[in-house]
Each structure stands twice: as C-alpha cells, then as structure tokens.
**Student:** 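Right, I'll just put the structure down here and ask away after.
It should be emphasised that the depicted structure is a prediction, and the values quoted were computed from it without experimental measurement.
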Amino acid sequence: MDRFNTRVAEFKDLLSADVIDRAKLHKLCFEGCPDTDGIRATCWKLLLGYLPWDTRQWNTELAKKRETYQQLMTEVIFNPHDTEEASGGEIVDHPLSLDSDSGWGRFFEDNTTLLQIDHDTRRLYPDISFFQMPTLHPQTSSGASESRWVYCVAFKGQRM
C-alpha cells in the first residue's frame with residue numbers, strides 16, 4: 001500500500017504543476033496510472049491531446065470543448081418538438097407520418113440506434129457506473145452511448 005500511495009503522490013505533484021513535464025508523465029504512466037482521484041482520466045486527456053500541458057489553460061479549453069460538444073449535439077440530435085415550437089404550435093410534421101422526409105421518422109430511427117448503443121454499452125461495461133447513468137437521448141440512454149452516437153453521426157464511415 002505504501003508504494004501505491006507514493007505513486008499517487010507522485011502523480012498529484014506532477015499534475016499540480018503549472019506546466020506538466022511531458023517526459024515525466026510518460027515515464028510515470030508507463031508503469032500504470034492509479035485509478036484514484038481522476039488521475040487516470042486526467043493522464044489520458046493529456047496524452048491524447050484533449051488537455052493542454054499548461055494547467056492554467058484547462059478551464060478555458062474545457063469550456064471550449066463543452067461548447068463545441070453542445071453545438072454538435074444541437075446539430076446532430078433532432079428534436080421534432082422544436083419544429084412545432086418554431087411554427088407557433090402548429091403541427092407541421094405528424095408523428096405517424098410515413099413520409100421519407102419526416103422529422104419524426106428520423107427521430108424514431110435515431111432513438112432506435114441510441115437504444116441499441118445503450119444496450120451494448122451497458123452489457124459491455126456493467127461494473128462502470130458511467131455507462132449506467134441516464135441521459136436525455138433517448139430517455140433510457142446512458143451518457144456513453146449518447147457520446148458514441150454523436151461521434152458516429154459526425155464522423156460517418158470512420159471507425160471508433
């Protein structure tokens with residue numbers, strides 16, 4: 001247990017610096033990242049280029065990335081209720097419409113895909129709480145499946 005606590009302290013010291021030493025992080029991570037206090041997640045974000053090495057820029061970068069994600073969500077996830085509100089409550093597109101251009105048809109098709117992703121991620125990672133959390137799209141979906149679906153739609157034809 002002493003070795004573990006020492007490694008956690010090394011990671012915390014390194015990650016608390018204003019500018020993280022890339023070589024030192026690589027060396028520490030090579031021996032394994034502790035899954036405590038978000039250390040592993042932070043290391044992955046740094047190593048994958050999601051976060052800058054300068055910790056003073058993290059809040060700004062995370063805010064930008066969250067804004068980009070929200071923008072992508074509004075572009076990709078279709079909410080048929082939004083079209084009704086835009087038309088002043090008048091029903092422009094009926095939920096039972098068989099028209100190939102129906103927004104409701106797209107909504108139901110997307111929901112079916114999200115539900116399948118939800119089932120797959122819940123079965124694949126039953127012990128990880130992140131994959132069990134509910135989100136808005138669909139009502140029974142997990143956050144992970146929503147993110148994967150947005151990725152699939154945004155980057156059609158590319159493998160995850």
**Student:** Just jot down the side-chain hydrogen bond (donor to acceptor under 3.5 Å, both in side chains) partners of Lys12, sequence neighbours excluded, or say none.
**Tutor:**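 Per chain and number, Lys12 pairs via side-chain hydrogen bond (donor to acceptor under 3.5 Å, both in side chains) with Asp37.
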**Student:** Return the set of residues passing side-chain hydrogen bond (donor to acceptor under 3.5 Å, both in side chains) with Asp54 (not counting sequence neighbours), or none when no residue passes.
**Tutor:**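 Only Arg56 meet the side-chain hydrogen bond (donor to acceptor under 3.5 Å, both in side chains) criterion with Asp54.
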**Student:** Report yes or no: do Val19 and Leu46 belong to one cluster of Ile/Leu/Val/Met/Phe/Trp/Tyr joined by side chain heavy-atom distances under 4.5 Å?
**Tutor:** no
**Student:** Carefully, step by step, assess Trp53 and Asp21 under the rule side chain to side chain contact (heavy atoms under 4.5 Å, CB included).
**Tutor:** CA-CA 8 Å; Trp53 296 99; Asp21 184 343; over 6 Å; no
**Student:** Side chains of Asp120 and Arg123: closer than 4.5 Å at any heavy-atom pair?
**Tutor:** yes
**Student:** Walk me through whether Glu31 and Arg7 qualify under side chain to side chain contact (heavy atoms under 4.5 Å, CB included).
**Tutor:** CA-CA 10 Å; Glu31 297 173 20; Arg7 286 195 46 76; 3.3 Å; yes
**Student:** Restricting to non-hydrogen atoms, name the atom on Pro34 and the atom on Phe4 that form the minimum distance, rounded to 0.1 Å.
**Tutor:** CB-CE1, 3.7 Å
**Student:** Give the C-alpha distance, both sets of side-chain angles, the deciding distance and a yes or no for side chain to side chain contact (heavy atoms under 4.5 Å, CB included) between Phe11 and Thr36.
**Tutor:** CA-CA 10 Å; Phe11 272 98; Thr36 304; over 6 Å; no
**Student:** Enter the distance from Asp13:CG to Lys24:NZ here, rounded to the nearest 0.5 Å.
**Tutor:**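 Reported value, rounded in 0.5 Å steps: 8.5 Å.
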**Student:** CD of Glu10 to CD1 of Ile39: how many Å apart, nearest 0.5 Å?
**Tutor:** 10.5 Å
**Student:** Could you check Trp44 against Cys33 for side chain to side chain contact (heavy atoms under 4.5 Å, CB included), going step by step and ending with a plain yes or no?
**Tutor:** CA-CA 9 Å; Trp44 273 111; Cys33 294; 5.9 Å; no
**Student:** Could you pull out the closest heavy-atom pair between His26 and Leu47, with the gap in Å?
**Tutor:** NE2-CD2, 3.7 Å
**Student:** If every non-hydrogen atom of Leu15 is compared with every non-hydrogen atom of Thr55, which pair is closest and at what distance?
**Tutor:** O-CG2, 3.8 Å
**Student:** Without placing hydrogens or testing angles, list every side-chain donor-acceptor pair under 3.5 Å for residues 57-68, not counting sequence neighbours.
**Tutor:**
residue : atom : partner : partner atom : Å
Trp58   : NE1  : Pro52   : O            : 2.7
Thr68   : OG1  : Lys64   : O            : 2.9

**Student:** From Asp118 CG over to Thr113 OG1, what is the distance, rounded to the nearest 0.5 angstrom?
**Tutor:**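 It is 12.5 Å, given to the nearest 0.5 Å.
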**Student:** Looking at CD1 of Ile117 and CZ of Arg122, how far apart are the two atoms once the value is rounded to the nearest 0.5 Å?
**Tutor:**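 So the CD1 of Ile117 and the CZ of Arg122 are separated by 13.0 Å.
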**Student:** Which value, rounded to the nearest 0.5 Å, describes the distance between Cys43 atom SG and Ile20 atom CD1?
**Tutor:**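 The CD1 atom of Ile20 is 8.0 Å from SG of Cys43, to the nearest 0.5 Å.
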